[in-house]
Amino acid sequence: MYTALFHSVWLISTQFEIIASTVSWYLPAGVRFAAFMLLPLRSWPMLLFSEKLTHFVLFHPGGILDNTAFLSGSLGWYLVHLLLSPALLCTSVYIFRRCFKAPYISNINSTLATLGVGLIISVVLGAVFIGRRAIELQTDITVFFPLLFDFSLGDFVGLIVLCPLLFVLYDREHLHRVNTTLYWIIGAWLFLLLLSSYAYSHGTNISYQVKYLAVFPALFLSYRYAVTGSALSCLLVGVTAFVVAIQSDLSPLEHQFYIIALCVSCLILGASVNHVSKWVASD
């Protein structure tokens, strides 16, 4: 299931990235991070084995998803995928799990720590993957750092959009707060996105207004439904940014920072409300 979900969202991510001026997000980063954060340590070898085996079948030289840009088949390619990236990922998550216990977005401290380790992993894995290709292609340092920034940011955006919802679905502690009002708000949000797409197809661009109108339901969901609301908001903010991106000529970087800023705000608000509600209940 993990491997199927990982590579399925990889295909979705590639579809997003090939559209001009769209948001670059690497959704598999969110699936991988959530899996290693939530599942027992004894499951890690099987997760790595299934992910890497499928990766080699699909991306080996001549594989159905192979691309010359990947430089697959070299010694560095095998070293990075079989040794360096798994070791760095497992070490980082293991150290974090020794310090923090699930649920990871239930209070401000754990939320900020989770976002911090997610960002660190994104940068470290980016340095490994991009660094390997930079060495093989003898890329200039002035080109390497912008590539590393773009790679890491795309990883972190995919993580922050998808991970909170996976945390909530796995934990299920917060799902009892869900009621019909939540579904109405989500439905209205999606309807607004459909309306924006319809208006755009008829020559009227309201993407700018939609992008900032989405701030209000995102913050309200986080306030009203705490962790569950903030997790849903992160996913819907990502979808909103994607819809807006294909209707505008703005830089993908602007949409990425929109996602990060609003999602971090929602997660902190949701964690704060959850912490206060638990404190009131215990008092």
Side-chain angles (χ1 to χ4, degrees), residues 8-31 115 146 149-166 168-169 178-270 273:
S8 296
V9 296
W10 182 86
L11 292 172
I12 295 173
S13 297
T14 58
Q15 294 302 310
F16 289 158
E17 290 172 353
I18 63 175
I19 300 174
S21 299
T22 191
V23 181
S24 174
W25 56 9
Y26 187 66
L27 295 176
V31 176
L115 293 173
F149 179 81
D150 292 341
F151 185 98
S152 303
L153 197 61
D155 256 31
F156 187 64
V157 168
L159 187 151
I160 203 172
V161 165
L162 204 54
C163 248
L165 185 60
L166 294 176
V168 168
L169 292 176
V178 173
N179 57 37
T180 54
T181 305
L182 176 66
Y183 298 122
W184 279 107
I185 295 173
I186 295 173
W189 192 334
L190 294 176
F191 176 77
L192 182 62
L193 295 180
L194 288 174
L195 180 63
S196 172
S197 300
Y198 177 80
Y200 183 74
S201 66
H202 286 74
T204 303
N205 193 337
I206 59 172
S207 60
Y208 181 85
Q209 290 80 1
V210 168
K211 183 176 180 179
Y212 292 101
L213 280 175
V215 172
F216 298 103
L219 295 177
F220 177 78
L221 285 177
S222 303
Y223 168 75
R224 180 66 179 81
Y225 299 100
V227 174
T228 302
S230 64
L232 286 169
S233 293
C234 288
L235 179 64
L236 291 171
V237 164
V239 175
T240 301
F242 168 69
V243 172
V244 171
I246 60 178
Q247 298 175 8
S248 67
D249 297 324
L250 297 175
S251 166
L253 190 63
E254 179 169 328
H255 301 297
Q256 288 175 318
F257 277 111
Y258 166 81
I259 292 174
I260 292 173
L262 188 51
C263 287
V264 169
S265 300
C266 289
L267 290 172
I268 292 176
L269 177 58
V273 171

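Shown here for Leu159 and Pro164, the closest heavy-atom pair between the two residues is O-CD, 3.7 Å. Heavy-atom minimum distance, Ser207 versus Asn205: OG-OD1, 2.6 Å. Nearest heavy-atom pair across Thr240 and Lys211 is CG2-CA, 4.4 Å.
For Ala199, the side chain to side chain contact (heavy atoms under 4.5 Å, CB included) test picks out Thr204, Ile206, with sequence neighbours left out. In terms of the side chain to side chain contact (heavy atoms under 4.5 Å, CB included) criterion, residue partners of Leu235 (sequence neighbours excluded) are, by chain and number, Val161, Leu162, Leu165. When the side chain to side chain contact (heavy atoms under 4.5 Å, CB included) test is applied to Ala218, the partners found at least two apart in sequence or on another chain are Trp189, Ser233, Val237, Leu262, Cys266. Looking at residues two or more places apart in sequence or on another chain, you find no side-chain hydrogen bond (donor to acceptor under 3.5 Å, both in side chains) involving Ser265. In this structure Tyr208 satisfies the ring pair (Phe, Tyr, Trp, His ring centres under 6.0 Å) test together with Tyr212, sequence neighbours excluded. With sequence neighbours excluded, no residue satisfies side-chain hydrogen bond (donor to acceptor under 3.5 Å, both in side chains) with Asp150. In terms of the side chain to side chain contact (heavy atoms under 4.5 Å, CB included) criterion, Ser8 has no residue partners (sequence neighbours excluded).
The CD1 atom of Ile185 sits 8.5 Å away from atom CZ of Arg224, with the distance rounded to the nearest 0.5 Å. Taking CD of Glu254 as the start and OG of Ser248 as the end, the distance is 7.5 Å to the nearest 0.5 Å.
Residue pairs meeting the salt bridge (charged side-chain N to carboxylate O under 4.0 Å, His left out) criterion with at least one partner in residues 180-192, sequence neighbours excluded, are absent. Within the structure, no pair that satisfies the salt bridge (charged side-chain N to carboxylate O under 4.0 Å, His left out) test touches residues 188-208, not counting sequence neighbours. Among pairs with a residue in residues 180-189, none fulfils salt bridge (charged side-chain N to carboxylate O under 4.0 Å, His left out), at least two apart in sequence or across chains. Evaluation of the salt bridge (charged side-chain N to carboxylate O under 4.0 Å, His left out) test over residues 232-247, restricted to residues two or more places apart or in two chains, returns none.
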Side-chain atoms of residues 190-198: list all donor-acceptor pairs with protein atoms under 3.5 Å, sequence neighbours left out, distances to 0.1 Å.
residue: Ser196; atom: OG; partner: Gln247; partner atom: OE1; Å: 2.9
residue: Ser197; atom: OG; partner: Leu193; partner atom: O; Å: 3.2

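Using a 4.5 Å heavy-atom threshold, the side chains of Leu267 and Cys234 count as touching.
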Exercise. Could you please spell out the steps behind the side-chain contact (heavy atoms from CB on, under 4.5 Å) verdict for Leu153 and Leu253?
Key: CA-CA 9 Å; Leu153 197 61; Leu253 190 63; 3.3 Å; yes
Exercise. Run the numbers on Trp10 and Tyr26 for side-chain contact (heavy atoms from CB on, under 4.5 Å), then give the verdict.
Key: CA-CA 7 Å; Trp10 182 86; Tyr26 187 66; 3.4 Å; yes
Practice problem: Please assess Val264 against Leu115 for the test side-chain contact (heavy atoms from CB on, under 4.5 Å), listing each intermediate value before the final yes or no. | Solution: CA-CA 8 Å; Val264 169; Leu115 293 173; 4.0 Å; yes
Exercise. Could you check Trp25 against Ile160 for side-chain contact (heavy atoms from CB on, under 4.5 Å), going step by step and ending with a plain yes or no?
Key: CA-CA 10 Å; Trp25 56 9; Ile160 203 172; over 6 Å; no
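Proximity of a side-chain donor or acceptor of Tyr225 to a complementary backbone N or O of Leu182 within less than 3.5 Å is detected.
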